[in-house]
Amino acid sequence: MSFIKVAVPGPFKDGLTYSCSATHNAVIGTRVLVPLARRRVIGIVIATDITPDIDTSKIRSIYKCQDSAPIFNEALLKLSNWMSIYYHANPGDLFHTFMPGFLCQGKTIKPDTVTSFSLTALGQNFDISTIKNAKKQVLCLQFIKAQTKITQALLQEQGISKAILNNLQAKQLIVAIEDEVVANKILSKKEAALDLNQEQRQALDICKKSLNSFQVLLLQGVTGSGKTEVYLQLIQEVLDSGRQALVLVPEISLTPQLFKRLKNRFVSGVTTLHSALSEKQKALNYLLVTEGKANIVVGTRSSVFVPFKNLGVIIIDEEHDTSFKQQHGICYSAKDVAIMRAKFSNVPVVLGSATPSLESIQNATHGNYKHLQLLTRAIAAHKPKQHVIDIRQQKLTSGISKKLQEVMSQHLLEGRQVLLFINRRGYAPVFMCTECSWVARCNDCDAYYTVHHLPNEFLCCHHCAATREIPRACDRCHSHKLNKVGIATERVFDVLQQLFPNYKVALLDRSNVSSNKKLNAVLDSINSNESQIIIGTQMVTKGHHFANLSMVGVLDIDAGLFGMDFRSLERLGQLLTQVSGRAGREEHRGEIYLQTQHPNHPLLKLLLTEGYDGFAKQILQQRQLNNWPPFSYLVLLKSISVQQQDAIDYLDKLYDHLASLRLPGLQLLGPIPALITKKAGKYRYHLLLKGTDRKVLHKAILHLKTLSKYANRKVQLVVDVDPVDVV
Ligand SMILES: [Zn+2]
Ligand SMILES: [Zn+2]
Ligand SMILES: [Zn+2]
């Protein structure tokens with residue numbers, strides 16, 4: 001008997017000690033089923049042959065070992081160790097974040113199989129006439145003989161029942177064969193590598209040179225500059241050396257083109273991991289990589305934990321995207337985790353974007369990241385021309401100015417496509433009574449209901465997804481004078497059909513394009529030119545390429561100019577640049593029209609004249625002046641409770657305690673209510689910790705964590721290190 005340390009879910013910072021016998025074969029990195037109080041849980045072995053520092057008679061034995069070989073290698077164990085310190089998370093909880101649900105539950109996963117039948121040697125030489133009265137059996141033997149091997153499904157279509165097959169198997173005339181289902185059909189034609197321009201070749205060469213060491217490379221390329229081709233050729237190099245590649249994308253359904261190009265280029269060995277897959281499929285794909293059967297993973301943020309056999313490179317596409325940050329549970333940043341993972345695996349990370357985050361720009365400026373720039377558009381001749389439409393004192397038709405209508409007409413008459421961008425889905429953001437100004441609000445959130453018209457009329461809360469029928473009378477004064485106020489995608493959709501009756505309008509937002517199938521249908525209607533007008537939310541900014549699109553109109557940019565979050569302007573700059581990148585990607589020059597009430601806003605002017613780089617430089621200076629990241633570091637403490645006062649009191653206590661520590665370099669901001677204070681029936685309050693360095697923040701949090709008197713079962717505390725949203 002020996003003793004091991006196991007990381008189990010729950011507040012056990014260093015894992016728990018268990019005993020096991022030699023037959024258990026519990027090696028570091030394997031899953032074990034262990035008792036925990038009255039439960040049975042899956043844990044990960046993190047140390048073996050230890051000398052327990054507690055009474056050995058109290059140590060319980062593990063039930064069994066789930067894996068014959070470790071799932072987690074040394075690099076991943078180091079990563080979990082780093083994450084547990086950096087994100088103040090429990091190792092056992094981390095491993096459960098690392099694995100698909102099936103593996104956390106200790107299930108064994110077998111790939112789906114198809115059953116087929118062949119004749120045995122006996123069956124080959126069997127004289128059918130001896131059973132000629134058993135017509136179905138004869139038929140079955142004939143079918144199998146004709147095909148050599150035939151699936152059970154096909155036999156059943158011919159009226160051959162399970163009983164007949166069993167009968168023939170019992171007579172040893174036929175044999176069943178189980179084949180693994182090949183999930184991804186292998187394409188026959190492999191796409192060849194494209195020619196690179198000078199810049200692409202230089203960038204690729206530098207990436208290739210860093211392949212056997214840790215290095216962060218920031219690949220900044222304007223839309224259409226051919227970043228993807230650089231990724232693909234780099235991956236080829238990695239595969240040629242017998243290693244594997246990880247490609248992280250913000251949302252798989254929104255980046256179908258990258259996945260398709262990988263499939264076309266590498267044909268087999270490409271697999272995906274994202275939330276739209278079934279639990280079983282996730283586990284199967286995960287194991288494919290672990291076993292080295294898949295060499296390329298394209299996935300969303302949790303793919304950063306996939307246990308590669310021999311990782312060679314990590315590529316993060318659209319690195320500025322905030323969906324790389326997990327917003328619940330362990331609030332990790334997949335980008336930062338990927339960088340640490342690369343460090344522990346001694347491989348490079350490539351961060352790709354047309355509009356890098358300010359943090360990445362700052363790191364590149366200071367030489368922490370290698371900055372590679374692709375400035376020429378590989379597939380378009382000209383940069384789009386940008387115009388501002390001043391909408392002060394203008395009458396708008398559902399948010400669309402006369403000028404915008406005129407320009408749209410011109411482009412449409414030339415046979416081009418136009419895109420209108422509005423970052424709000426639904427029909428109208430407010431439903432109100434004109435008599436008493438009552439507004440329909442969600443019962444569980446501090447938020448208005450959004451009016452939806454598609455597929456039929458209803459009210460919906462965008463913070464908790466609660467819905468309600470459209471009231472026929474005001475809740476308060478019972479008046480029937482009810483009004484839908486403001487504009488959103490579906491209203492623009494309606495009005496465009498009236499304004500441009502000869503053209504078809506496509507609508508791309510998350511409410512109306514909720515599945516991959518629907519997305520493909522809409523994309524097809526755009527790419528085949530069946531639809532000429534596109535309305536989209538930020539869904540359209542991610543990687544879609546519309547060849548015939550020559551004009552983009554942005555209906556309202558003002559919310560972004562005056563956002564509450566210190567990152568609002570950065571996001572606006574990224575969004576406008578990304579949206580603009582949709583226009584004029586082929587031979588003709590594109591045009592961008594921005595509607596605003598603030599045409600003279602200095603930062604808007606800067607963005608239009610200097611582009612994203614100059615704009616980013618300017619906001620970085622503002623950040624430095626106001627001491628915001630990347631010039632300071634943040635941890636957001638969120639208290640969540642069904643009782644408002646509990647949530648407030650809790651943070652007040654934490655505040656008092658932290659203030660009494662007088663830690664130099666630590667600034668406490670709050671507690672203040674979250675922007676949406678009540679969400680899904682719970683109240684949320686924020687206490688923001690700002691530090692001149694990370695050390696002081698970790699010191700503060702560690703201090704709180706050791707204080708059991710701050711444990712409170714009525715309040716949930718979320719520790720968000722490096723938050724992306726602070727409101
Ligand atoms: Zn009313
Ligand atoms: Zn909605
Ligand atoms: Zn709600």
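First listed ligand is number 1; within each ligand, the first listed atom is number 1. All values reported here derive from a predicted model rather than from experimental measurement. Every heavy atom of this structure was used, including side-chain atoms; hydrogens, water molecules and symmetry mates were not.
For F493 and H453, the gap between ring centers reaches or exceeds 6.0 Å. Under the 6.0 Å cut-off for aromatic ring centres, Y633 and H698 do not qualify, their centroids lying 6.0 Å or more apart.
Under the 3.5 Å distance criterion, with hydrogens and angles disregarded, no donor-acceptor pair is assigned to the side chains of S401 and Q394.
With the Zn ion (ligand 1) as the vertex, SG of C474 and SG of C436 span 100° to the nearest 10°.
For a distance bound of 2.8 Å, the N, O or S atoms of C464 include one lying that close to the Zn ion (ligand 3). With a cut-off of 2.8 Å, the Zn ion (ligand 1) has an N, O or S atom of C477 in range. Among the backbone and side-chain atoms of C445, an N, O or S atom lies under 2.8 Å from the Zn ion (ligand 3).
The shortest non-hydrogen separation linking M83 to F305 is SD-CE2, 3.5 Å.
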